[in-house]
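This report concerns only the one structure given below.
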Amino acid sequence: MTTYARIADLPSLEASAVTVRGWVMRTRSSGKIGFVVLRDGSGYLQAVILKNEVAPELWECFKGLTQETAVAVTGAPRAEPRSPGGVELAVTALEVLAPSVDFPITPKEHGTAFLFERRHLWLRSRRQVAIMRVRHEVVQAIRDFYYARDFTLVDTPLLTGSIGESAGTLFETEYFDLGKAYLAQTGQLYLEAAAAALGRVYCFGPTFRAEKSKTRRHLSEFWMVEPEVAWNDSDANMRLQEEFVAYIVERCLERRQEDLKELERDTAPLERITPPFPRLSYTDAIDKLRAAGVNAEWGRDLGAEDETVLANQFDRPVFVHDYPVGVKAFYMKQNPADPRTVLNNDCLAPEGYGEIIGGSQREDDHDLLRARIHEQGLPEEPYGWYLDLRKYGTFVHSGFGLGVERTVAWICGIQHVREAIAFPRMMYRLYP
RNA sequence: UCCGGGGUAGCUCAAUGGCAGAGCAUUCGGCUGUUAACCGAAGGGUUGUGGGUUCGAGUCCCACCCCCGGAGCCA
């Protein structure tokens with residue numbers, strides 16, 4: 001009877017002969033000894049074939065193996081320090097389950113365009129597998145964090161009417177007889193409604209921005225987790241953020257060491273990610289930038305380079321809060337202590353990764369909010385239900401959005417968010 | 001959208017306006033502990049597309065297409 005095993009389970013198996021099914025990564029041979037490196041999704045395994053100890057057909061079969069051939073190898077697992085992974089299989093039987101001819105992604109270097117055109121195959125590489133595992137951990141950490149704190153997950157719509165952050169960057173589609181629908185840029189406005197029902201809520205899903213962005217930090221479709229909390233002010237909002245970010249990083253350090261090692265991520269900077277995070281008002285940030293020789297003007301939004309200059313002054317994420325009214329969204333609450341500013345914050349990751357969170361206390365005064373909608377030239381009608389929330393027991397509340405791909409890219413130490421999602425959607429890439 | 005860089009073998013890249021090249025991959029041969037194995041040999045080209053200058057264009061000029069990096073915007 002055949003005992004099938006996953007590679008990850010081999011070290012704890014007592015069996016004298018097991019069969020592993022997987023794909024050939026590469027083969028090496030030294031005349032009378034052959035090596036096959038296999039992957040099966042659970043791990044990597046070196047199998048050894050000795051020409052003089054197996055049937056000639058088996059040796060011929062080994063010589064015919066090509067990259068990504070699906071195989072079943074049978075043999076005795078044993079500890080072997082010379083083998084990558086520490087375990088080795090001495091092969092007694094080898095079966096080709098499905099051939100693979102001219103696999104395009106070779107062990108040598110490729111350009112990013114070539115690789116992204118073959119993203120469906122590139123995913124099989126060790127590095128991409130490690131990134132996907134870290135992403136998986138980040139996602140699970142997010143869910144566990146909010147579950148443990150009694151937040152309720154509320155799924156917000158992806159198809160929306162004309163509502164969101166700014167009108168110029170929406171993906172548009174026909175919606176029956178009701179005219180245009182738009183792909184959601186955020187679930188926040190809906191979550192504010194849910195917060196009045198459940199207190200602590202969050203949504204987690206894909207969001208869409210039709211911005212013609214071509215940078216390492218932008219995707220057309222990205223995943224965002226957005227908590228919204230009744231009775232939290234801006235200060236409590238930032239405390240939640242620092243706990244949250246520190247938890248995600250800690251979980252990855254705790255459970256994904258192997259993957260971070262595969263990615264050659266120096267984990268020392270991640271070990272330092274513990275609350276509290278430093279806080280800097282926008283006004284102080286402008287002063288700091290000027291002190292650093294940057295030409296910064298109060299009232300203008302911070303650029304990517306400004307953020308990097310600021311973030312580089314700290315060894316953990318930094319909050320920049322209370323931006324000028326003019327550069328921020330209509331729903332952010334005006335700062336009672338300084339009406340020129342709003343009670344918002346960005347969270348900038350260190351090591352040049354920049355903004356991973358944008359959050360704010362929400363404007364809870366009906367008339368002020370309505371005035372802001374008009375100020376920004378937005379039509380009032382689609383926001384009618386949103387204004388309603390300020391008519392029926394309006395309440396102090398705050399929330400934020402964390403970009404999953406940016407967070408994963410930072411934790412993995414990779415240069416571009418497009419590798420932080422299995423099938424990235426970018427301005428110039430819709431396939432595969 | 002703007003600024004910059006690029007497009008030559010399956011891949012990554014060379015080539016002063018003058019014979020189209022290398023490494024890897026592939027195929028064949030050799031090798032009993034390989035770690036992106038190594039050694040030897042062979043096959044492999046409409047130089048992104050269309051025009052132009054020139055005795056001669058991968059190289060210079062014009063247009064277009066595509067890719068990469070950055071900016072703005074944002075998570």
Side-chain angles (χ1 to χ4, degrees), chain A residues 25-37 44 46-54 59 63-64 66-67 80-86 88 90 101-118 122 125-127 164-169 185-188 204 206-226 241 245 300-308 323 327-329 344-349 353-359 400-410 415-418 420-421 426-429:
Chain A
M25 296 182 77
R26 57 190 304 100
T27 61
R28 291 183 288 271
S29 166
S30 300
K32 295 196 175 63
I33 181 166
F35 302 92
V36 185
V37 180
Y44 304 98
Q46 176 169 285
V48 190
I49 300 161
L50 294 163
K51 188 181 181 182
N52 294 338
E53 293 175 20
V54 298
W59 183 255
K63 288 208 298 181
T66 55
Q67 197 183 352
E80 170 54 70
R82 284 173 294 185
S83 167
E88 190 173 83
V101 181
D102 295 333
F103 189 71
I105 300 173
T106 64
K108 284 285 177 178
E109 61 215 296
H110 299 285
T112 51
F114 179 85
L115 290 168
F116 275 105
E117 276 153 27
R118 292 155 186 82
W122 186 25
S125 72
R126 297 177 73 115
R127 179 184 161 82
E165 301 217 341
S166 60
T169 57
Q185 297 181 315
T186 170
Q188 179 205 314
F204 188 15
T207 50
F208 307 88
R209 308 254 169 118
E211 290 152 1
K212 294 190 172 174
S213 298
K214 274 194 64 173
T215 82
R216 68 183 59 181
R217 302 182 311 281
H218 288 85
L219 295 170
S220 306
E221 176 182 312
F222 66 96
W223 281 62
M224 184 157 68
V225 53
E226 298 177 272
Q241 289 169 48
V245 169
R300 281 223 316 257
D301 206 357
L302 301 179
E305 202 189 318
D306 304 329
E307 290 182 357
T308 304
Y323 280 62
V327 300
K328 287 295 168 185
N344 82 309
N345 75 274
D346 284 352
C347 178
L348 310 179
Y353 282 89
E355 184 179 350
I356 54 171
I357 286 177
F400 62 90
L402 174 132
V404 169
E405 289 77 17
R406 286 185 182 179
T407 303
V408 171
W410 165 46
Q415 287 311 302
H416 202 302
V417 291
R418 64 192 169 191
I421 185 168
M426 290 171 292
M427 194 176 154
Y428 294 118
R429 180 151 285 115

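Order of the sequence lines fixes the chain letters, A, B, ..., with proteins taken first and strands second; residue numbering starts at 1 for each chain. Keep in mind that the numbers below use all heavy atoms, side chains included, and drop hydrogens, waters and symmetry copies.
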Please work out if [X] contacts a base, only the sugar-phosphate, or nothing of the nucleic acid, heavy-atom cut-off 4.0 Å.
{"X": "T207(A)", "answer": "nothing"}
{"X": "E405(A)", "answer": "nothing"}
{"X": "E88(A)", "answer": "base"}
{"X": "H110(A)", "answer": "sugar-phosphate"}
{"X": "Q67(A)", "answer": "nothing"}
{"X": "G111(A)", "answer": "sugar-phosphate"}
{"X": "G354(A)", "answer": "nothing"}
{"X": "S30(A)", "answer": "base"}

Looking at residues at least two apart in the chain, or sitting in another chain, which of them share a ring-ring contact (aromatic ring centres under 6.0 Å, His included) with F204(A)?
W223(A)

Identify, with sequence neighbours excluded, every residue that meets ring-ring contact (aromatic ring centres under 6.0 Å, His included) alongside F114(A).
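F114(A) satisfies ring-ring contact (aromatic ring centres under 6.0 Å, His included) with H110(A) once adjacent residues are dropped.
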
Excluding sequence neighbours, so at least two apart, what forms side-chain contact (heavy atoms from CB on, under 4.5 Å) with K32(A)?
K51(A), N52(A)

For S29(A), side-chain contact (heavy atoms from CB on, under 4.5 Å) partners two or more places apart:
W59(A), F62(A)

Could you run down the sub-3.5 Å N/O contacts of the protein with nucleotides 44-46 of chain B?
none

Can you tell me which stems RNA chain B forms, taking runs of 3 or more consecutive Watson-Crick or G-U pairs with both distances under 3.5 Å?
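RNA chain B stems, ordered by first number: B:1-7 with B:65-71, B:10-13 with B:21-24, B:26-30 with B:38-42, B:48-52 with B:60-64.
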
Base, backbone or nothing for each nucleotide of nucleotides 63-70 of chain B, written B, S, -, heavy atoms under 4.0 angstrom, 5' to 3'?
----SBBB

Determine if F222(A) stacks with A75(B); use a centre-to-centre distance below 5.5 Å and an interplanar angle below 30° as the criteria.
yes

What integer number of Å spans the P atoms of C28(B) and G43(B)?
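15 Å, rounded to whole Å.
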
Between G56(B) and G52(B), how far apart are the two P atoms, rounded to whole Å?
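After rounding to an integer number of Å, I get 12 Å for this pair.
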
Among all residues two or more places apart in sequence or in another chain, which pass the side chain to side chain donor-acceptor pair (under 3.5 Å) test with [X]?
{"X": "R118(A)", "answer": "none"}
{"X": "R216(A)", "answer": "Q415(A)"}
{"X": "E88(A)", "answer": "Q46(A), R78(A)"}
{"X": "E117(A)", "answer": "none"}

Using the salt bridge (charged side-chain N to carboxylate O under 4.0 Å, His left out) criterion, which residues pair with R28(A)? Sequence neighbours excluded.
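Residues passing salt bridge (charged side-chain N to carboxylate O under 4.0 Å, His left out) with R28(A): none at all.
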
